[in-house]
Asker: 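Below: one structure in structure tokens.
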Protein chains: 2
Amino acid sequence: MTTQVYSRWDHLTPVERQVLRGVFWSGAASRGALADTLGFSKSRLNAVVSNLVVGGLLQELGPLSSTGGRRAEHLALAPDLGVLACVDLGATSLHVALVAPTMTVLAERREVADVRHGPGRVMQRVKTLLGDLLAEQRLRPEDVLAVGMGVPGPVEVHSGLLVSPPIMPGWEGFSIREDLAGLVDAPVLVDNDVNVLALGELWHARQPAGDFLVVKVGTGIGCGIVSGGRIYRGADGAAGDVGHICVDPLGPRCHCGNVGCVEAMAAGPAVARDARRAAEAGESERLAEVLAETGRLEPPDVARAAREGDAVALAIVQRSGQLVGMMLASLVNFFNPSHIVLTGGIVGMGPLWLASIRQSVYGRSLALSTRHIEIRPSTLGERGGVLGAAALGLLGVLDRGGRP
Amino acid sequence: MTTQVYSRWDHLTPVERQVLRGVFWSGAASRGALADTLGFSKSRLNAVVSNLVVGGLLQELGPLSSTGGRRAEHLALAPDLGVLACVDLGATSLHVALVAPTMTVLAERREVADVRHGPGRVMQRVKTLLGDLLAEQRLRPEDVLAVGMGVPGPVEVHSGLLVSPPIMPGWEGFSIREDLAGLVDAPVLVDNDVNVLALGELWHARQPAGDFLVVKVGTGIGCGIVSGGRIYRGADGAAGDVGHICVDPLGPRCHCGNVGCVEAMAAGPAVARDARRAAEAGESERLAEVLAETGRLEPPDVARAAREGDAVALAIVQRSGQLVGMMLASLVNFFNPSHIVLTGGIVGMGPLWLASIRQSVYGRSLALSTRHIEIRPSTLGERGGVLGAAALGLLGVLDRGGRP
DNA sequence: CGAACTTCGGCCCTCAATGGGCCGAAGTTC
DNA sequence: GAACTTCGGCCCATTGAGGGCCGAAGTTCG
């Protein structure tokens, strides 16, 4: 496995890419199923597949279970193709992983980070961690097939440049692609973190189809949009910036300059702020205790207090859910998604918060169809980011040969 | 031109359909331009085109202007293919037209209608008007290539059935397709009126691409969504139902059961209601005069009073614009459209209303990109509906052979 | 005013790829 | 154990795609 790997991907024909995408999406694919899915004749498909098997891009994993006749051969992306280097950068966290083309996490590192420290310090950690993981897996930089990375701000996907990230001062115009070029000689795909999460959910659904939303509520609030099975980025790549949707014309002023932004009223910092205020004002003994004992009061602490019966904490949790739900109700009426996936640190607040969101959304969704919309936490959990980044990197190579 | 026309369309190959779609979208197309657009070699394209010309589906309209060498032949859809029967049904209006495949309106009728009279009475008028127009143009029912129709409520596009239309009692489950089957033996394509308007705008932009919104403000408020150059309908076909987005948690109760719906506070009836209230309360002499003189007080009347300096009328117009703008601001943050097209009766209120909308949207759009979003009235004017319906019918035939 | 250059459309010919048919292998259901 | 299904591999005729070439029609120079 040398640099030839990269060039091998680079010289794939469009049809070969199409077949590999088919294998990626279908998961456990046989030749027959692929031919049906892609609308190929079995001759054509077989010609392409055998070529890819010989070339080492596809592997046969033995027979699948029978459906009444001879068992089909299980096709999968070859693991010795290389690995996907995946980075999930949050506002306050960094998650780096190596993922096989079969979407298995081979190794990972998670640590606290702060994007406000600027690209220099953060990217240094990214490179160090990636290097450590590669060494741990006895892999060389040439073995990296593609790099996928999610960042907590808008990205000009084509160039991979960050554009005016409000919570990422100092990153404006920074080229992650260029920065990582020294580490690995592979395509670098960068996108907004919610888009990356949405891609992860899309992969998890095992089909490049559907219309749904992935909403991340943490330090800020963002939304990944899947329309027709594809990530929707909007006319300028700024779609999904829902944190500054107004949910209360009489609400408090947000740092963006407007009033009543949902992010300023219901995201993590707002919950923490309200809880601290209640604790300090003596409105809630329970919250005051936690603050005194631990010195901090984070959303999960507030949720715990609410579950344990603290009325003030419960009101704060419900208020947050209600406001997020109001925003989501607008989106549901407009976009009519089949479901909404919730992620981000604040989802750790648990079922009370979720119930408030649901109540708020269902109460404001009038159409029969939208009344049954499913609102659930991500099943991918904390690995959603790196898995999405893996899908981003892999699809970047399969869609366009890594040229974003 | 007999029923063979329909069967001729029905037996087109996918490639032929693709070329015809290319001609439809490009407007004034030459062979070379088409080959480039579609990614065909000139041999391939020429083979298909000559076939279509011989078959009478395409026509050559003489040479285009030169670009430095021999002039290209102007290709267009043949007008003797048949006509598109187009119906634009509003909540209170009916617009029927015959349109040539080249998107020229051949004949039209417009009249007042009320969908609440139920499908029987309304569809009778539709059929009568279509029959009149056909007779006037000396066309037979067999000459109708397809029927396109927009209705003011959600439609299950595949079956052509109306689903739970709030302002269309009695239409639930009514099949327009079946109803019109007796009149013409051609594909019948039915969609929500805003989706039809969006299709009209898409055609007017001369390219099946882009991400934008078409917002209709009249009796209700609806929104047609164009995503990636295609009409986006959502998971259940209910997307764009923005009339019941909440813009004021303390607002008045809407007939839908919630409070603060933008439709209940800013659409035509709300403006009329506020104006009448102000007139009757003696707050505005000007409005009271109009009401006394004409016995009515419609949004355009209010706008006229505002332009003539009436402060109360101005406040009503601005309030409506402000509320619509607040809703649009949410959509802009979420969807990041390149522009927003406004249609519907209330657009007749003019520049004062538009200015309020713009001010409200720009004030709440924080991203640099979304600050420059263009908000403008439809350039298609009152014909937007039937032109969109024509595009719906024609594309229905070109996309899927009329099988919706 | 004419020669050189461009652009366009039609035609032909070669080459490749596509799809269908056929067969043997491997399982399942009686 | 026989009949039926399903799958993969192979072959081969046929189609259809692409490139090249030429003539026609215009434009831009000298």
Side-chain angles (χ1 to χ4, degrees), chain A residues 8 11-78 398 401, chain B residues 11-78 401:
Chain A
R8 207 161 46 177
H11 292 108
L12 286 173
T13 68
V15 175
E16 287 171 330
R17 277 192 235 280
Q18 196 180 349
V19 169
L20 290 173
R21 278 199 299 272
V23 174
F24 172 76
W25 285 116
S26 61
S30 70
R31 285 169 169 81
L34 273 177
D36 285 350
T37 308
L38 301 174
F40 285 19
S41 74
K42 54 175 191 153
S43 312
R44 183 147 110 100
L45 184 103
N46 200 25
V48 180
V49 164
S50 5
N51 208 23
L52 289 170
V53 171
V54 171
L57 297 162
L58 278 180
Q59 59 174 348
E60 299 187 327
L61 291 175
L64 292 166
S65 60
S66 166
T67 57
R70 175 177 170 177
R71 292 178 297 181
E73 197 67 26
H74 184 176
L75 294 171
L77 299 181
L398 293 183
Chain B
H11 291 107
L12 286 174
T13 68
V15 175
E16 287 172 329
R17 277 192 234 280
Q18 196 180 350
V19 169
L20 290 173
R21 278 199 299 272
V23 174
F24 172 75
W25 285 116
S26 60
S30 70
R31 285 169 169 82
L34 273 175
D36 286 349
T37 308
L38 300 173
F40 285 20
S41 74
K42 53 176 191 153
S43 310
R44 183 147 108 99
L45 185 103
N46 200 24
V48 180
V49 164
S50 1
N51 208 21
L52 289 170
V53 170
V54 170
L57 297 161
L58 278 181
Q59 61 173 170
E60 299 187 326
L61 291 176
L64 292 165
S65 59
S66 168
T67 58
R70 173 175 169 177
R71 292 177 298 182
E73 197 67 28
H74 183 176
L75 293 172
L77 300 180

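Side chains are part of it too, since the values below use all heavy atoms of this structure and drop only hydrogens, waters and symmetry mates. Labels below follow one simple rule: chain letters A, B, ... track the order of the sequence lines, proteins then strands, and each chain is numbered from 1.
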Asker: Given that A:Phe40 and B:Ser50 both sit by DNA chain C, which one's nearest nucleotide is further toward the 5' end?
Answerer: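 Looking at DNA chain C, the more 5' nearest nucleotide goes with B:Ser50.
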Asker: Hey, which sits more toward the 5' end of DNA chain D by its nearest nucleotide, B:Pro63 or A:Ala72?
Answerer: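 Taking each residue's closest nucleotide, the earlier one in sequence belongs to A:Ala72.
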Asker: Measure from CG on B:Leu45 to P on D:dG19 and round the result to the nearest Å.
Answerer: 14 Å
Asker: Does a side-chain N or O from B:Arg71 land closer than 4.0 Å to OP1 or OP2 of D:dA25, or not?
Answerer: no
Asker: Atom CG of A:Leu61 and atom P of D:dG8: how far apart are they, to the nearest Å?
Answerer: 13 Å
Asker: Got a second to check how far A:Gln18's CD is from A:Leu45's CG, nearest 0.5 Å?
Answerer: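 So the gap between those two atoms works out to 9.5 Å.
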Asker: Of all the heavy-atom pairs spanning A:Gly56 and A:Ala78, show the shortest one and how long it is.
Answerer: O-CB, 3.2 Å
Asker: Quick one: does B:Gln59's side chain have a donor or acceptor within less than 3.5 Å of a partner on B:Leu75's backbone?
Answerer: no
Asker: Over how many whole Å does the gap from A:Asn51 atom CG to D:dC10 atom P extend?
Answerer: 13 Å
Asker: Among residues 30-38 of chain A, which ones have heavy-atom contacts with DNA chain C below 4.0 Å?
Answerer: none
Asker: I would like to know whether A:Glu16 and A:Leu57 meet side chain to side chain contact (heavy atoms under 4.5 Å, CB included); could you show each step before the answer?
Answerer: CA-CA 10 Å; A:Glu16 287 171 330; A:Leu57 297 162; 6.0 Å; no
Asker: Fill in the dot-bracket string of DNA chain C, one character per base: . for unpaired, | for a pair to another strand, ( ) or [ ] for pairs within the strand, taking Watson-Crick or G-U pairs under 3.5 Å.
Answerer: ||||||||||||||||||||||||||||||
Asker: Ignoring backbone atoms, establish whether A:Asn46 has a side-chain N or O less than 4.0 Å from OP1 or OP2 of D:dG8.
Answerer: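 No, A:Asn46 has no side-chain N/O under 4.0 Å of OP1/OP2 on D:dG8.
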Asker: Specify the residue among A:Gly69 and A:Glu60 whose closest nucleotide of DNA chain D lies further upstream toward the 5′ end.
Answerer: A:Gly69
Asker: Between A:Arg70 and C:dA25, is there a side-chain N or O to OP1/OP2 distance below 4.0 Å?
Answerer: no
Asker: Give a yes or no on whether a donor-acceptor pair under 3.5 Å exists between the nucleobase atoms of D:dG18, that is its base, and the side chain of B:Lys42.
Answerer: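 In this structure, the two groups form no donor-acceptor pair.
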Asker: Give me the atom names and distance for the closest heavy-atom approach of B:Leu38 to B:Gly22.
Answerer: CD2-CA, 4.4 Å
Asker: Just N and O in the side chain of B:Arg44: are any of them under 4.0 Å from OP1 or OP2 of D:dA17?
Answerer: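 Affirmative; the distance criterion is met.
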Asker: Please give me the minimum heavy-atom distance between A:Ala76 and A:Leu61, naming the atom from each residue.
Answerer: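 Here A:Ala76 and A:Leu61 meet closest at CB-CD1, 3.6 Å.
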Asker: Return yes if some donor-acceptor pair links the side-chain N/O of A:Glu73 with the main-chain N/O of A:Gly62 below 3.5 Å, else return no.
Answerer: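 It does hold such a pair.
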Asker: Atom CH2 in A:Trp25, atom CG in A:Leu398: separation rounded to 0.5 Å?
Answerer: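 These two atoms lie 10.5 Å from each other.
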Asker: Contact class for B:Ser41 (heavy atom, under 4.0 Å): base, sugar-phosphate, or nothing?
Answerer: base
Asker: When you measure only distances, ignoring hydrogens and angles, does the side chain of B:Ser43 come within 3.5 Å of the base of D:dG19 through a donor and an acceptor?
Answerer: yes
Asker: What I'd like to find out is whether the side chain of A:Arg44 reaches to under 4.5 Å of the side chain of A:Val15, using heavy atoms alone.
Answerer: yes
Asker: Rounded to the Å, how far apart are B:Leu64 CG and D:dG26 P?
Answerer: 12 Å
